[in-house]
Number of protein chains: 2
Amino acid sequence: MGYSIKTIAQKSGLSQYTLRYYEREGVLPEVSRDENGNRCFHDEDLELISLICCLKDTGMPIADIKQFISLSKEGHSSLPEQRRLLQEHKVHIDEKIKFFQTFAEKVEHKIAYFASLEEQAKAENN
Amino acid sequence: MGYSIKTIAQKSGLSQYTLRYYEREGVLPEVSRDENGNRCFHDEDLELISLICCLKDTGMPIADIKQFISLSKEGHSSLPEQRRLLQEHKVHIDEKIKFFQTFAEKVEHKIAYFASLEEQAKAENN
DNA sequence: GTAGACCTTAGAGTTAAGTGTAAGTCAAAC
DNA sequence: GTTTGACTTACACTTAACTCTAAGGTCTAC
């Protein structure tokens, strides 16, 4: 039977607007329709949406996601290219993790510094 | 003497446009001027810009950075509030790191899956 | 004394990624 | 049989974060 757009919005955490927007933009491949022309999502769609969210949330611009998805439509011949794009993105994610770790430390130091200033101010008031 | 906006743009990696925009928006506190009205940055400014970039690049919206910076102007009394904001953001960063690590794994699996499909296709062609 | 490199402001334009609205179709419930 | 609710499209609007342009001031080098 398939899922309605409402159900998929709930399951994916994306809004109905966003889902339609993604399909319009080619971020999501064309979704099949029921006899009334209503979108009819299936489990594969949900799986793909989950991958799309993962790419998006790790900073891939939707234009790039679109490119990746459009390769899927070309079948097996584009597997190496798809894999290459993912590998490139994986490098990106790893860099970001390192970057975030460095900045987590920096913020940590700043917090400690502020705490020490507060201690100092307290001591001066006594 | 202080640094010109051009120098600071080079040192910080932000564009001159962005630096002016940040000052206009209150993301950056008002920068002192020379006798011609030209901005005259100092090392403290550079340090603050580095913190701002760190907050921004770890996902803090500039509206929030602005709030944080405006507290700095209030002196010692706002230290606890500033510290609270940083701690909140630190939690955010840590969550993001975990999230990214999970998705790095997911992408890794996907890559391995694609590689296995490629192997399979190659085998079928022989 | 003027050309060029630097700076200034005000305000308009851009881009990405949605978000919302209007007008309409369709099926089920009352 | 009409109201309600979920869906459709086309298109306009929004928001964040810049980015650019126009018009002009000032200093330095020739």
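Below, chains carry the letters A, B, ... as their sequence lines are ordered, and counting in each starts from 1. Only this structure's heavy atoms are used, side chains among them; waters, hydrogens and symmetry mates stay out.
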For [N], does OP1 or OP2 lie under 4.0 Å from any side-chain N or O of [X]?
X	N	result
B:Y22	D:dC18	yes
A:N36	C:dA27	yes
B:S4	C:dC7	yes
A:S15	C:dT19	yes

How many whole angstroms separate atom [atom1] of [X] from atom [atom2] of [N]?
X	N	atom1	atom2	value
A:Y21	D:dA12	OH	C1'	15 Å
A:R39	D:dT8	CZ	P	4 Å
B:Q16	C:dT8	CD	C1'	11 Å
A:I62	C:dT15	CD1	C1'	11 Å
B:R20	D:dA22	CZ	P	16 Å
B:Y17	C:dG11	OH	P	18 Å
B:K66	D:dT15	NZ	P	15 Å
B:I5	D:dC20	CD1	C1'	14 Å

Nearest-nucleotide pick for A:P61, side chain only, options being D:dT19, C:dA17, D:dA17: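 Among the listed nucleotides, the one closest to the side chain of A:P61 is C:dA17.
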Considering heavy-atom distances to DNA chain D, does A:R24 or A:C40 have its closest nucleotide positioned more toward the 5' end?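 Mapping each residue to its closest nucleotide by heavy atoms, the 5'-most match is A:C40.
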Do you know the tightest heavy-atom contact between B:T58 and A:F100?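 Of all heavy-atom pairs spanning B:T58 and A:F100, the closest is CA-CZ, 3.9 Å.
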Shortest non-hydrogen separation from B:G2 to B:C40 and the atoms involved: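 Shortest heavy-atom separation between B:G2 and B:C40 comes out as CA-SG, 3.9 Å.
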Please check if the side chain of A:D45 supplies one atom and the backbone of A:H42 the other of a donor-acceptor pair under 3.5 Å.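 Answer holds: yes.
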Would you call the rings of B:H92 and B:H89 parallel, tilted or perpendicular, where under 30° means parallel and over 60° means perpendicular?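 Geometry flag for B:H89 against B:H92: parallel rings.
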Passes side-chain contact (heavy atoms from CB on, under 4.5 Å), B:N38 versus B:R33? Steps please. CA-CA 5 Å; B:N38 291 357; B:R33 304 300 177 112; over 6 Å; no
